[in-house]
Amino acid sequence: MKNLTDISQVRAALEKNGIRLSKGMGQNFLINPSVCPRMAEMCGADDTTGVLEIGPGIGVLTVELAKLARKVVAVELDTRLEGLLAENLSPYPNAEVVWGDVMELDVPALLSEKFADCERIVVCANLPYYITSPIIMMLLESRLPIESITVMVQKEAADRMCAKVGSRASGAVTVAVWHYSEPEILFKVSAGSFLPPPKVDSAVMRLMVRQQPEYDVGDEGRFRALVKAGFSQRRKTLVNSVCSDRRFGKDAVCAALEAMGLEQNARIEQLTMEQLAELSRRLG
Ligand code: SAM
């Protein structure tokens, strides 16, 4: 294909290859020519960088990344795209496709195998929206040797992940994102930039991965369980929501809140990151 953002060329190429875009696989392909070069630039790819892309589609972002990076490895689930991707990536020998479900791959092994000759690794992707949060959580919780994650997600998801911890807009995913990274919304992208257009607008956000979490939470598993239980019933008081997980006893939670000078009827969304970390340590 000559122009990967020309809607009639994209339609014709998909038709020629007998591909109907799948909603189930989150296939909304970018056709706005300004978005991918901007994402590639803002993810910080240069000739020392290995880039992991998730869901290359027909390669519209992959080629922009390959122009700047040392190497691009793109994980794609839909093998129907094989012919089109091979054709579109043929001018870029530094771009490689790995076929499979990113959630089932051994990503740490993939990174060390593919990017041994790169000084730094970043993730850049237009994520399939049906598994945005699981992918981001997997990337962050695996403590991969990545510098940053620059991804397009639904605008609402970006707002939630980048919200302030301790505000009403926050959720369990907000806490996890801030724990492992410093998130920032870079720019918004209208629904009309995609084929087919999704129902909602999108945004590109960048998570700068922290070398070490900002606050000591004690045991990471306990911290995750605390946050998950707390936000699963966020309208209840923290004491009641957290105790829905049997590992946390009511008396211990009440005592911890008191020792921290917090009200017994506090809700989890009112606690700052520092307070959540302290609560987790105290419940250890
Ligand atoms: N990068 C292309 C673009 O910007 O136009 C396509 C982005 S589209 C929103 C998401 C892509 O992720 C699709 O190509 C889809 O087939 C792929 N995908 C969906 N689920 C996946 C999974 N579990 N693992 C890897 N790729 C997946």
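Counting starts at 1 for both ligands and their atoms, in listed order. Quick caveat, the model's predicted, so the values are computed rather than measured.
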Applied to residues 125-138, the salt bridge (charged side-chain N to carboxylate O under 4.0 Å, His left out) test, sequence neighbours excluded, yields none
* Asked: Would you say the side chain of Val217 lies within less than 4.5 Å of the side chain of Glu278, judging by non-hydrogen atoms?
  -> no
By chain and number, the residues contacting ligand 1 below 4.0 angstrom (heavy atoms only) are Met25, Gly26, Gln27, Asn28, Phe29, Leu30, Glu53, Gly55, Pro56, Gly57, Val60, Val75, Glu76, Leu77, Asp78, Gly100, Asp101, Val102, Asn126, Leu127, Pro128, Tyr130, Ile131
message = Under 3.5 Å, is there a donor on one side chain and an acceptor on the other for Gln212 and Tyr180?
response = no
ask   = Does Arg168 CZ have over 12 foreign heavy atoms under 6.0 Å away?
value = no
Sorted by chain and number, sequence neighbours left out, side chain to side chain contact (heavy atoms under 4.5 Å, CB included) with Ala74 holds for Glu53, Pro56, Thr62
Hits for salt bridge (Lys or Arg N to Asp or Glu O under 4.0 Å) against Arg80, two or more places apart or cross-chain, chain-then-number order -> Asp78
